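Whatever order the structure lists ligands and atoms in, that order sets their numbers, starting from 1. On a predicted model such as this, the values are computed, not experimentally measured, just so you know.
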Amino acid sequence: MELNLTNKVVMIAAASKGMGYAIARQCAREGAQVSMASRSKKQIEAAAERIRKETSSHVTPFVFDAADGDSIERWTADTLKTYGRINGLLVNAGGPPTGLFDQFDDKDWQAAFDLTLMSAVRMMRSVIPSMKQQGGGSILTITSSSVKEPIDVLILSNVMRSGVTSLVKSLSQQLAKDKIRVNNIIPGFIDTQRLSAIDAQAASQFGITLEQRREQVASTIPWKRYGKPEEFAKAATFLLSEAASYITGVSLSVDGGRMKTVW
Ligand code: NAD
């Protein structure tokens with residue numbers, strides 16, 4: 001199957017580690033030119049260098065903070081200056097803090113709104129004009145299984161990511177006439193640093209070891225293991241690519257069969 005990503009320009013947000021990094025790497029392996037961004041200059045430059053060494057693709061690191069609208073605008077403008085066009089965008093950021101409803105005040109809710117929902121609004125708003133101008137594009141967001149099965153200790157994520165899901169569906173309808181596809185991808189348990197941190201927190205809360213916690217979690221997944229970032233990245237790269245030319249407005253779960261919902 002031809003993904004047709006060669007020389008396509010993709011912007012990958014929050015790409016120094018985890019799933020963002022794995023997707024940047026997979027897109028570069030498929031021949032895309034990659035504009036990858038994260039908060040730490042040192043970390044994103046090192047990540048870009050690793051991908052450059054492994055692939056022959058053009059990869060450029062940028063610094064941005066997903067919670068800061070001005071830095072999103074700068075990243076998009078710098079990408080256009082470097083590559084002259086944008087064919088794909090992966091919307092991604094660090095997750096909001098864990099906690100129950102009574103642990104958060106207005107400031108916490110506002111911060112989660114900026115980090116998770118407004119970052120998606122702003123990233124999409126910043127690339128849509130150039131995608132329209134060049135006759136199409138593909139936008140992909142990462143959310144969480146919490147949009148289908150809310151998780152008690154992830155109240156901020158449950159609420160803000162549901163907004164992202166709605167945004168994706170709405171824009172998939174509105175932007176079809178401009179040949180811009182808008183999709184979403186849902187990680188189950190993908191083995192990244194973020195997940196290890198959450199597991200370590202749960203392990204200490206329940207008085208068990210990290211390994212015991214991981215076994216506990218894996219036993220709830222029909223596939224009986226966590227997903228690898230590379231497995232997740234392959235599905236994401238497909239949705240970003242022209243191979244998914246008739247797919248828009250979907251939320252694809254990559255979760256080893258964990259979620260039981262039929263929708
Ligand atoms: P990770 O911690 O491994 O990587 C996160 C990346 O985001 C890093 O590159 C970090 O530098 C960057 N980042 C964090 N905050 C940022 C900000 N404000 N601006 C710019 N970059 C920022 O995380 P991951 O596991 O790859 O998760 C990515 C997203 O998916 C997170 O929002 C996470 O909550 C969500 N998620 C992950 C899983 C999973 O199984 N790993 C499951 C559900 C949801």
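Nearest protein heavy-atom neighbour of atom 7 (O) of ligand 1: Ala14 CB, 3.1 Å. Taking atom 40 (O) of ligand 1 as the reference point, the nearest protein heavy-atom neighbour is Ile190 N, 2.7 Å. Protein heavy atom nearest atom 10 (C) of ligand 1, with residue, atom name and distance: Ser38 OG, 3.8 Å. In terms of protein heavy-atom proximity, atom 43 (C) of ligand 1 is closest to Pro187 CG, 3.6 Å. Here the protein heavy atom with the shortest distance to atom 16 (C) of ligand 1 is Arg39 NE, 3.3 Å. For atom 1 (P) of ligand 1, the nearest protein heavy atom (residue, atom name, distance) is Arg194 CB, 3.7 Å.
For the residue pair Glu30/Gln26, the side-chain donor-acceptor check at 3.5 Å is satisfied. For the 3.5 Å distance criterion, the side chains of Ser145 and Arg258 qualify, holding a donor opposite an acceptor. Residues Arg181 and Tyr246 have side chains that never bring a donor and an acceptor to within less than 3.5 angstrom of each other. Side-chain contact, Thr79 with Ser35: a donor N or O sits under 3.5 Å from an acceptor N or O. No hydrogens or angles considered: a donor-acceptor pair under 3.5 Å links the side chains of Asp199 and Tyr226. Thr143 and Asn184 share a donor-acceptor pair across their side chains, judged by distance under 3.5 Å alone.
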May I have the step-by-step check of side-chain hydrogen bond (donor to acceptor under 3.5 Å, both in side chains) for Thr192 and Tyr21, ending in yes or no?
CA-CA 10 Å; Thr192 64; Tyr21 174 77; over 6 Å; no

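When heavy-atom distances to ligand 1 are checked against a 4.0 Å cut-off, Leu195 comes that close only through its side chain, counted from C-beta outward. If you look at Asp65 next to ligand 1, the close heavy atoms, those under 4.0 Å, come from the backbone and the side chain alike. Using a 4.0 Å cut-off between heavy atoms, Phe64 contacts ligand 1 through both its backbone and its side chain. Of all the heavy atoms of Asn92, the ones lying under 4.0 Å from any atom of ligand 1 belong exclusively to the side chain.
An N or O contact shorter than 3.5 Å links Ala93 to ligand 1 by distance. For Leu115, no nitrogen or oxygen atom sits less than 3.5 Å from a nitrogen or oxygen atom of ligand 1, counting backbone and side chain alike. At least one N/O-N/O distance between Gly95 and ligand 1 falls below 3.5 Å. Not a single N or O atom of Gln43, backbone or side chain, sits closer than 3.5 Å to an N or O atom of ligand 1. For ligand 1, one of its N or O atoms has an N or O atom of Ala66 under 3.5 Å away. Distances between N or O atoms of Met19 and those of ligand 1 include at least one value under 3.5 Å. Between Ile142 and ligand 1, no pair of N/O atoms sits closer than 3.5 Å.
With ligand atoms numbered from 1 in the order given, ligand 1 contributes 40 (O) to contacts under 4.0 Å with heavy atoms of Phe189. The Gly18 neighbourhood of ligand 1 comprises atoms 3 (O), 26 (O), with distances under 4.0 Å to a heavy atom of that residue. Listed by number with element, the atoms of ligand 1 under 4.0 angstrom from any heavy atom of Thr192 are 3 (O), 24 (P), 25 (O), 26 (O), 41 (N). Each of the following atoms of ligand 1 lies closer than 4.0 Å to a heavy atom of Ser16: 8 (C), 9 (O), 11 (O). Atoms of ligand 1 lying under 4.0 Å from any heavy atom of Gln193, numbered from 1 in the order shown and given with element: 3 (O).
In this structure, the side chains of Val63 and Trp75 stay at 4.5 Å or more apart for every pair of heavy atoms.
Note on ligand 1: Gly188 sits in its first shell, one or more heavy atoms being nearer than 4.0 Å. Residue Thr143 places a heavy atom less than 4.0 Å from ligand 1.
Nearest-heavy-atom check against atom 35 (C) of ligand 1 across Arg161, Lys17, Met160 picks out Arg161.
Counting only heavy atoms, the protein never gets under 4.0 Å from atom 5 (C) of ligand 1.
Taking the ring axis of Phe64 as reference, the NZ or CZ atom of Arg39 does not stay both within 45° of it and closer than 6.0 Å to the ring centre. In this structure, Arg214 is not positioned above the aromatic face of Phe189 in the sense of NZ or CZ being under 6.0 Å from the six-membered ring centre and within 45° of the axis.
Enclosure of atom NZ in Lys177 by more than 12 non-hydrogen atoms of other residues, nucleotides or ligands within 6.0 angstrom is indicated.
Contact check on Lys228 versus Glu231 returns no salt bridge, with no Lys/Arg side-chain nitrogen under 4.0 Å from an Asp/Glu carboxylate oxygen.
Interatomic distance, OG1 of Thr141 versus CG of Leu90, reported as 8.0 Å (0.5 Å rounding). To the nearest 0.5 Å, the span separating CG on Leu167 from CE on Met124 amounts to 4.5 Å.
In this view, Lys41 and Glu45 satisfy the salt bridge (charged side-chain N to carboxylate O under 4.0 Å, His left out) rule, not counting sequence neighbours.
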